[in-house]
Amino acid sequence: MTSAPTPPVPDSDLLAHLRVDLHAAGFTVDGVEERLGTVAARALRRDHALPAARALAGDDPLAVIVRLFCLNHAIDTDVVERALPTVGVAGLVGLGLVAAEGAAVRATCDLRPHACDSAGWWLASDLPESAVGGPLPQDHVLGIGGASTTLATWTPRLPVARALDVGTGCGVQSLHLSQHAEHVVATDLSARALGYAAFNAALNGTSWELRAGSMLEPVAGETFDLIVSNPPFVITPRAAGVPLYEYRDGGRSGDAVVADLVRRVGAHLAPGGIAQLLGNWEIVGDDEDAWRTKVASWVEGTGLDAWVVQRETQDPAEYAETWVRDGGQQPGTRAHEQLYGAWLDDFASRGVSAIGFGIITVQRPDRERATFVDLVEVTGPVAQPMGPAVLAGLRARTWLAERTDDEVLDTAWRCADDVTEERHSRPGDTDPSVIVIRQGGGLRRAIRVDTLGAALLSVCDGELTARQAIVAIAGLLDLDASVGLADGVTLVRDLAADGLLLAN
Ligand SMILES: C[S@@+](CC[C@H](N)C(=O)[O-])C[C@H]1O[C@@H](n2cnc3c(N)ncnc32)[C@H](O)[C@@H]1O
């Protein structure tokens, strides 16, 4: 496997010229989507270039830029010169973004627009598999992938003084952090990744402190208000012949990279600081709670609050197929089968029955109190973006951790506007046999409640305290009030944690 080319050069004068041309051409997420059409734009995001190539007739600047930088076509020099007249071909060569190929030029890397609600950027990264045409180089620097987007959309976007991006890659998380952090430190083990991060920061008119080194080593003794990491979490056999892809493999056995990150990240969180991490974890045995036991053990003794959402699981074979294929190996080839076998042997050696993927949010309490550890499984769709719900959920869990059950019961609660109720009954029955409370936003929870729970929610208008409401309802239902209060406070805590009930 060959090494990928040198990352582009962050020459500020040439980048200023490039920005003029990219702006003028409308090289934005919306501009490209409109030019390609939804189907071709979505295919391109899945690294399938053919529909986009078919959609791009003509030599208008946007078509040329997309063909050059997103489809990796060789394009005649004079066509490129007309499409990017300010930076020009000489400027693109000077930036290291294109190389001559006869009378044409071809991009040396991928460059595409990226956006969130409030900002738009451009991001350079290594050429994707479709352009490389075979297994990726081991020092490949990833563009924006599904995991990058997941982390970006789950990160709470609160204003902070100091933020850290561990394993920055091409710098996508740092671009988002630049929107709400005064100072961003970004680390990576890969010199090539840091090269791309420096280029992307300059291209987008921002700057980060870039530091080389493994995981948290480059920030020894420092603390941050917000830490994000889409770490190299892919579980890879440590066996001869299995390539180590820097962009996904931290070089440790099993899930040790993520376990270590969770155990150590607290030392780098300022009081009240939050770390938002992605991870894979190995699940051993068939016990439904095995993943909880595993992930809780990482948090144990750290003094941190933790809220972990398991989003999906794969069995060992599915997991092996995903990551052998991700490296560019085609099923049915000898290389594919050897790697597939190595993954299966590795999982078997530790008795792994499944691999979980999820989002780990930890927080350093800003005062002495009992910590919370909440581990939930949510495999369905959730709000987009989730960041606001994560922040609200942390705030709510913190509030609950600081209060006794009596204080929770003596609070007046209001049912959130996105909560609805479903009643299901057998045909002909007057009373429902199932009552489900549904949340429209956040984790989109669906919770089955009993008559007392449904009645309690129906009177949560911010006037009555939970205690007053439960005692009154217990009287009407002829229930023991103390039992109602014990059940009621558990329900209120559960609903309040995820924002279905709001303290007035
Ligand atoms: C999955 S990529 C994430 C890139 C980017 N932050 C994102 O969200 O798309 C993981 C990154 O971690 C880096 N990495 C791998 N091993 C590392 C280590 N031991 N310490 C720090 N970074 C590492 C890789 O070079 C890669 O850039």
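What you see below is based on every heavy atom in this structure, not just the backbone, and it leaves out hydrogens, waters and symmetry mates. Computed from a prediction, not measured in an experiment: that's the story for all the values here. Numbering of ligands and ligand atoms starts at 1, following listing order.
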*How far is atom 24 (C) of ligand 1 from its nearest protein heavy atom, and which residue and atom name does that atom have?*
E246 O, 3.1 Å
_Tell me if the aromatic rings of F347 and Y319 count as close, with their centers under 6.0 Å from one another._
yes
*G213 heavy atoms, cut-off 4.0 Å: which ligand 1 atoms fall inside?*
20 (N), 21 (C)
*ligand 1 to D165 polar contact by distance, N or O atoms, under 3.5 Å*: no
*Going by heavy atoms in the side chains, are D260 and M215 under 4.5 Å from each other?*
no
_Tell me whether T187 reaches ligand 1 (any heavy atom closer than 4.0 angstrom to a ligand atom)._
no
*Distance filter under 4.0 Å to V172 heavy atoms, resulting ligand 1 atoms*: 7 (C), 8 (O), 9 (O)
*Do any N/O atoms on G167 end up under 3.5 angstrom from N/O atoms on ligand 1?*
yes
*If you measure from OH on Y247 to OG on S190, what distance do you get to the nearest 0.5 Å?*
12.5 Å
*asked:* For G171, state whether at least one heavy atom is located under 4.0 Å from any atom of ligand 1.
replied: no
*Pair T379-E312, side-chain donor/acceptor within less than 3.5 Å*: no
*Heteroatom proximity flag, G169 to ligand 1, N/O under 3.5 Å*: yes
*Calculate, to the nearest 0.5 Å, the distance between atoms CG and OG1 belonging to L22 and T28 respectively.*
10.5 Å
*Considering heavy atoms of the protein only, find what lies nearest to atom 22 (N) of ligand 1 and give residue, atom and distance to 0.1 Å.*
L189 N, 3.3 Å
*Any chance the side chains of W307 and Q363 put a donor and an acceptor closer than 3.5 Å?*
no
*With the threshold set at 4.0 Å, does a side-chain nitrogen-carboxylate oxygen contact exist between D326 and R248?*
yes
*If you round to the nearest 0.5 Å, how far is CG of L151 from CG of D165?*
8.0 Å
*Exercise: do D188 and T168 side chains pair donor with acceptor under 3.5 Å*: no
_Top protein contact for atom 16 (N) of ligand 1, by heavy-atom distance_ = P232 CG, 3.4 Å
*Between N230 and ligand 1, which part of the residue brings a heavy atom under 4.0 Å of the ligand: side chain, backbone, both or neither?*
both
_What protein heavy atom lies closest to atom 27 (O) of ligand 1? Include the residue and the distance to one decimal._
D188 OD2, 2.7 Å
_I'd like the name of whichever of A197, P218, S214 reaches closest to atom 19 (N) of ligand 1 through any heavy atom._
S214
*Are W208 and S178 linked by a side-chain donor-acceptor pair shorter than 3.5 Å?*
yes
*If you have a sec, work out which protein heavy atom is nearest atom 9 (O) of ligand 1 and how many Å separate them, to one decimal?*
S148 OG, 2.7 Å
*asked:* Out of all atoms in ligand 1, which are within 4.0 Å of some heavy atom of S190? Include the element for each.
replied: 25 (O)
_Tell me whether ligand 1 is touched by R248 - counting only heavy atoms on the residue side and a distance under 4.0 Å._
no
*C170 side, atom SG; L111 side, atom CG - distance, nearest 0.5 Å*: 10.5 Å
*Any N/O of Y247 closer than 3.5 Å to an N/O of ligand 1?*
no
*Looking at residues at least two apart in the chain, or sitting in another chain, which of them share a side-chain contact (heavy atoms from CB on, under 4.5 Å) with R364?*
L269, L304
*Decide whether an N or O pair under 3.5 Å exists between T168 and ligand 1.*
yes
*Under 4.0 Å from any heavy atom of Q173, which atoms of ligand 1 are there?*
6 (N), 7 (C), 8 (O)
*asked:* Any nitrogen or oxygen of M215 lying under 3.5 Å from a nitrogen or oxygen in ligand 1? Just yes or no.
replied: yes
